[in-house]
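Report on the structure given below.
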Amino acid sequence: MVTLRQLEYLVTIVDQGSFTRAAELLHVTQPALSHQIRVLERQLGGPLLERLPRLVRLTPAGRSMLPHARAALAETRRAEQAARRTAGTASGEVELATLYGYSLGLLPAVLRAWRRVRPDIGVRLFEHRHADELRDAMAAGQADLALGPPPPGWAGPVHPVGEEEFVVVVAADDPAATGPAPFDLASLADRAWVHYAPGNGLAELLDRACAAAGFQPRAAVRTEQTAAAPLLAAAGLGPTLAAAHVIPPDFDGHLLRPTPPVRRPLAVWTRTDPDPLTAAFRTVLTREATARLGSAA
């Protein structure tokens with residue numbers, strides 16, 4: 001039978017890229033570590049790791065097993081935390097997976113409200129660039145709950161929060177800033193945009209919004225950073241699309257609300273029914289995020 005210790009050995013070797021470094025981190029001898037991996041491979045009927053002169057690579061069987069090994073270790077850690085919370089033997093922490101933009105616009109108010117009611121419980125954030133990465137990380141057991149676009153076909157509980165409204169950001173002296181209302185996105189078809197890097201999920205959202213308006217946006221510049229796009233647009237590099245909730249009150253750019261509006265649903269979701277502490281955090285998260293979305297609309 002495969003043991004959690006063997007799974008921990010496998011994951012650590014992959015993360016460290018070396019049997020030697022993994023053995024040092026795990027406080028075992030390298031021969032003992034190698035022996036346990038060989039035992040695991042015999043149990044599973046084939047090699048999981050390819051041992052090269054300067055690195056270790058996963059075989060196809062290893063690549064198939066790795067996400068399940070990570071999920072098993074994460075769920076074990078979470079089960080221990082839940083038991084300690086229930087027994088009152090540890091303060092613990094809540095783990096939240098989300099997208100970068102929500103750390104800017106929604107989570108400061110959420111975490112401030114949570115700190116007021118449970119200052120003894122910390123929050124650990126796992127931030128992702130794309131909704132697909134967020135979904136996969138949650139499926140692999142990364143965090144207690146997630147804040148993001150609701151994943152299609154998700155089997156666990158999904159609590160709707162509301163809808164994000166997206167605005168077009170331009171410089172204060174941009175000709176579009178004094179244009180007619182309602183604002184038509186197609187009026188910017190000939191402009192070069194402050195776009196997002198391909199790995200950022202907002203790149204796809206911007207492309208879809210522009211495609212619905214009948215054009216494909218040209219990129220003046222692409223940024224990996226969600227927070228940078230509105231600043232670059234306000235500096236005159238070109239229009240961009242950003243969630244209204246990430247724009248600070250003293251922002252010196254100009255915001256245009258396109259017609260039809262560009263919106264994205266938002267939800268809090270878990271794999272299973274959460275333990276009482278996670279459920280309490282979900283309540284605060286849902287309440288504060290809903291309020292923040294309403295104020296940004």
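The figures that follow rest on heavy atoms only: side chains count, while hydrogens, waters and symmetry mates do not. We count residues from 1, following the sequence as given.
With contacts defined as side-chain heavy-atom distances shorter than 4.5 Å, the pair Thr240/Tyr196 qualifies. At a threshold of 4.5 Å between non-hydrogen side-chain atoms, the residues Val110 and Tyr102 do not count as touching. A heavy-atom distance below 4.5 Å is not found between the side chains of Ile121 and Val123. The side-chain heavy atoms of Val169 and Phe251, taken from C-beta on, include a pair separated by under 4.5 Å. When side chains are defined from C-beta on, Glu224 counts as touching Arg129, because their heavy atoms get closer than 4.5 Å. Counting heavy atoms from C-beta on, the side chains of Gln16 and Val56 never come closer than 4.5 Å. With a 4.5 Å cut-off on side-chain heavy atoms, Glu24 and Gln30 do not count as touching. Between Leu231 and Gln225 the shortest side-chain heavy-atom distance does not fall below 4.5 Å.
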Practice item. For His128 and Gln142, run side chain to side chain donor-acceptor pair (under 3.5 Å): C-alpha distance rounded to whole Å, both residues' side-chain angles, the deciding distance at 0.1 Å, then the answer. Key: CA-CA 12 Å; His128 298 275; Gln142 183 183 70; 2.8 Å; yes
Point to revise | Test side chain to side chain contact (heavy atoms under 4.5 Å, CB included) applied to Asp207 and Glu204, step by step | key: CA-CA 5 Å; Asp207 285 340; Glu204 295 176 12; 5.7 Å; no
**Study point:** Working for side chain to side chain donor-acceptor pair (under 3.5 Å), residues His254 and Asp173
**Key:** CA-CA 8 Å; His254 186 79; Asp173 60 353; over 6 Å; no
Practice item. Would you sort out whether Thr59 and Glu50 count as a side chain to side chain donor-acceptor pair (under 3.5 Å), showing the intermediate values? Key: CA-CA 6 Å; Thr59 65; Glu50 182 181 1; over 6 Å; no
Practice item. Please step through side chain to side chain contact (heavy atoms under 4.5 Å, CB included) for the pair Leu285 and Leu96, ending with a clear verdict. Key: CA-CA 10 Å; Leu285 172 58; Leu96 174 65; 4.1 Å; yes
Exercise for review: List the steps and the verdict of side chain to side chain contact (heavy atoms under 4.5 Å, CB included) for Val167 and His245.
Suggested key: CA-CA 10 Å; Val167 294; His245 61 77; over 6 Å; no
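Annotation for Trp154 and Ala139: closest pair CH2-N, 3.8 Å, computed over non-hydrogen atoms. In terms of heavy-atom proximity, Leu40 sits nearest to Met65 at CD1-CE, 4.3 Å. The shortest heavy-atom contact between Ser187 and Asp190 is O-OD1, 4.0 Å. A pairwise comparison of heavy atoms in Ser34 and Phe19 identifies OG-CD2, 3.6 Å as the closest pair. Scanning all heavy atoms of the two residues, the minimum distance from Ala186 to Phe215 falls at CA-CE2, 3.9 Å. Considering all non-hydrogen atoms of both residues, Arg257 and Phe183 come closest at O-CB, 3.9 Å.
Between the Thr178 side chain and the Pro175 main chain, a donor and an acceptor come within less than 3.5 Å of each other. Put simply, the side chain of Thr278 never gets that close to the backbone of Pro274: no donor and acceptor are under 3.5 Å apart.
Taken to the nearest 0.5 Å, the CG atom of Leu202 stands 4.5 Å off from the CG atom of Asn200. A distance of 8.5 Å separates CG in Leu10 from CZ in Arg70, rounded to the nearest 0.5 Å. Interatomic distance, Leu66 CG to Asp15 CG, rounded to the nearest 0.5 Å: 7.5 Å. Taking CD of Glu164 as the reference point, atom CG of Leu99 lies at 8.0 Å (rounded to 0.5 Å). Here the OH atom belonging to Tyr100 is positioned 11.0 Å from the CG atom belonging to Leu125, to the nearest 0.5 angstrom. Here the CD atom belonging to Gln6 is positioned 11.0 Å from the CG atom belonging to Leu33, to the nearest 0.5 angstrom.
The residues Arg115 and Asp120 are annotated as not salt-bridged, no charged nitrogen and carboxylate oxygen being separated by less than 4.0 angstrom. Using a 4.0 Å cut-off between charged nitrogen and carboxylate oxygen, Arg292 and Glu288 do not count as a salt-bridge pair. Salt bridge Glu41/Arg51: present, at least one basic N to carboxylate O contact under 4.0 Å. Ion pairing between a basic and an acidic side chain is recognised when a charged N comes within 4.0 Å of a carboxylate O; Glu8 and Arg5 show such pairing. Ion pairing between Glu165 and Arg264 fails under the 4.0 Å rule for side-chain N and carboxylate O.
In Glu163, the CD atom is crowded: over 12 heavy atoms of neighbouring residues, nucleotides or ligands sit closer than 6.0 Å.
Each of Leu255, Val194, Leu241, Ile247 was evaluated against Pro230; a single residue qualifies, Ile247, per the side chain to side chain contact (heavy atoms under 4.5 Å, CB included) test. For the pairing with Arg282, the side chain to side chain contact (heavy atoms under 4.5 Å, CB included) check across Val268, Asp144, Leu147 returns one residue only, Val268. Remark: of the listed residues Leu145, Asp275, Val158, Leu145 is the sole one forming a side chain to side chain contact (heavy atoms under 4.5 Å, CB included) with Thr270.
Leu134 and Phe126 fall into different hydrophobic clusters, where Ile, Leu, Val, Met, Phe, Trp and Tyr are joined by side-chain heavy atoms under 4.5 Å apart, directly or via other members. Under a hydrophobic clustering in which Ile, Leu, Val, Met, Phe, Trp and Tyr are joined whenever their side-chain heavy atoms come within less than 4.5 Å, directly or via other members, Leu293 and Trp269 fall into the same cluster. Hydrophobic cluster membership is shared by Leu4 and Ile37, with clusters built from Ile, Leu, Val, Met, Phe, Trp and Tyr side chains linked at under 4.5 angstrom. Using a 4.5 Å cut-off between side-chain heavy atoms of Ile, Leu, Val, Met, Phe, Trp and Tyr, with links allowed through other members, Val246 and Val262 fall into different hydrophobic clusters. Hydrophobic clustering places Val161 together with Leu107 (ILVMFWY residues linked when any side-chain heavy atoms are closer than 4.5 Å, directly or through intermediates).
Inspection of the Ser103 and Glu127 side chains reveals an N or O donor paired with an N or O acceptor under 3.5 Å.
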